[in-house]
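Count residues from 1 along the sequence. Just follow the structure's listing: the first ligand is 1, and inside any ligand the first atom is 1. Scope of the values below: all heavy atoms of this structure, side chains included, with no hydrogens, waters or symmetry mates.
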Amino acid sequence: MQPQDMNRDWHATARTLSEALPYMQRYSGATVVVKFGGNAMGDVRDMARFARDIVLMRQVGMHPVVVHGGGPMINRTLDKLGIKSEFVRGKRVTDQATVEVVEMVLTGLVNKRIVQAIMDEGGRAVGLSGKDDDLMVCEADDPELGFVGRPIEMNVQVLRDLFAAGIIPVIAPVATGMDPNETFNVNGDTAAGAIAGALQADRLLLLTDVPGVKDTSGEVVTQLSPEEVRQMTDDGTIAGGMIPKTETALKAIEQGVRGVVILDGRVPNACLLELFTEHGAGSLIRS
Ligand code: X2W
């Protein structure tokens, strides 16, 4: 036993595990799509902790799917290359030079870092982008944004094949177009919502760097209906960067996702807190 272990309450550890049983039973066989945003990634330790939670989810019989972002990492590489970049309504204006960098950074650097972290925790992970097996086919979202894609066709059989083999898919939000030579940059939340919708997922967890949807007094609202989200958007309570997330949530629910949670990915074990405890985490949106 290590000296620091002397003070641990092992009975509490055993109790925690025991208390998690009903949640494990509830979610056994459930499909859970986790959007891991660039701002939620933190350092190597945070990444390892996230990966461990994902491996645990798989271990207890869930089918986790990781869809990642990487906005800050794209920014750093664009800076190094001297390519200027701007955002319009939360999406990166993407020209040809930018889309090449986006694809390189997301499908290379960020995707493989997450795959590696999951493997290091004893899971099996395979990295892919929307291009692989035509998982996500897009059209241009808005001419003003250049090569920013809006998913129009999803082919999720490859994900079901990976589930059957016990493999955790890790997906970079880059997609192909109807013209196979096109590459689209897709907002990570949008991609996660489209994948969760196509899978009819039980849960979509949007991990970000804020604790959830806040009411007018700044308190996090733990549960909201789509109708309440619409009202809070109309009266301006939901604003700024939260809007693309709640829009993604509403669309995913419309497509048949049973619940969407917006939560702070920087909180240690955020996924486990949400799925395996009474406490939950962040804001759950469901009908
Ligand atoms: C995003 C894709 C990455 C992303 C971008 O270029 O930054 C668009 O804006 P986060 O870390 O989740 O913000 N794409 C169209 O969504 O990253």
Side-chain angles (χ1 to χ4, degrees), residues 33-43 46-47 50 65-81 83-114 117 127-131 135-152 170-177 182-196 204-210 212 240-249 251-252 260-266 270-271 282:
V33 176
V34 182
K35 156 70 198 311
F36 193 30
N39 285 319
M41 281 175 205
D43 61 15
D46 298 323
M47 175 69 88
F50 168 79
V65 177
V66 178
V67 181
H68 63 83
M73 297 76 179
I74 298 169
N75 289 342
R76 280 201 289 276
T77 308
L78 287 172
D79 269 357
K80 278 187 204 156
L81 295 169
I83 300 172
K84 294 219 178 327
S85 194
E86 56 163 359
F87 284 82
V88 172
R89 292 181 295 281
K91 292 176 183 165
R92 188 188 305 276
V93 178
T94 305
D95 62 9
Q96 184 60 37
T98 305
V99 83
E100 284 176 15
V101 174
V102 168
E103 184 170 30
M104 235 160 46
V105 172
L106 293 183
T107 68
L109 200 68
V110 181
N111 187 275
K112 297 310 157 203
R113 217 182 125 201
I114 300 170
L128 53 166
S129 81
K131 287 187 174 181
L135 170 62
M136 182 166 61
V137 182
C138 284
E139 64 182 7
D141 189 17
D142 177 342
E144 201 188 338
L145 298 174
F147 297 108
V148 169
R150 171 167 10 121
I152 50 167
V170 177
I171 304 164
V174 171
T176 192
E182 268 172 334
T183 299
F184 284 112
N185 175 14
V186 187
N187 172 272
D189 293 324
T190 309
I195 290 163
L204 166 61
L205 308 184
L206 297 173
L207 298 191
T208 180
D209 57 355
V210 292
M242 190 49 78
I243 291 180
K245 297 197 186 295
T246 50
E247 274 177 358
T248 298
K251 203 162 164 194
V260 182
V261 189
I262 298 172
L263 68 167
D264 193 341
R266 300 166 308 171
C271 294

So does [X] pair up with [Y], basic N to acidic O under 4.0 Å?
X: Glu144; Y: Arg89; answer: yes
X: Arg92; Y: Glu86; answer: no
X: Asp46; Y: Arg266; answer: no

Among all protein heavy atoms, pick the one closest to atom 11 (O) of ligand 1 and tell me residue, atom and distance.
-> Gly38 N, 2.7 Å
For atom 1 (C) of ligand 1, which protein heavy atom lies nearest, and how many Å away is it?
-> Asn185 OD1, 3.7 Å
Under 4.0 Å, heavy atoms only, figure out whether ligand 1 is touched by the backbone of Thr94, its side chain, both or neither.
-> neither
Applying a 4.0 Å heavy-atom criterion (strictly less than), which segment of His68 is in contact with ligand 1: side chain, backbone, both, or neither?
-> neither
Is Asn111 reaching over with its side chain to a backbone N or O of Gly108, donor-acceptor style, under 3.5 angstrom?
-> no
The ring pair (Phe, Tyr, Trp, His ring centres under 6.0 Å) partners of Phe36 (sequence neighbours excluded) come to Phe50
What do you reckon, does Gly71 have a nitrogen or oxygen under 3.5 Å from a nitrogen or oxygen of ligand 1?
-> yes
Would you check whether Gly70 has a nitrogen or oxygen atom less than 3.5 angstrom from a nitrogen or oxygen atom of ligand 1?
-> yes
Would you mind finding which of Met73, Lys35, Arg89, Arg92 brings a heavy atom closest to atom 6 (O) of ligand 1?
-> Arg92
Atoms in ligand 1 flagged as close to [X], the criterion being non-hydrogen separation under 4.0 Å:
X: Gly69; result: 4 (C), 10 (P), 11 (O), 12 (O), 17 (O)
X: Val148; result: 15 (C)
X: Lys91; result: 9 (O)
X: Gly188; result: 4 (C), 16 (O)

Under the salt bridge (charged side-chain N to carboxylate O under 4.0 Å, His left out) rule, collect the residues that match up with Asp95, sequence neighbours excluded.
-> none
Report yes or no: does a heavy atom of Val186 sit under 4.0 Å from some atom of ligand 1?
-> yes
Nearest non-hydrogen partners of Leu205 and Cys271, listed with the distance | CD1-SG, 4.0 Å
Quick one: closest heavy-atom pair of Val260 and Ala249, and the distance?
-> CG1-CB, 3.6 Å
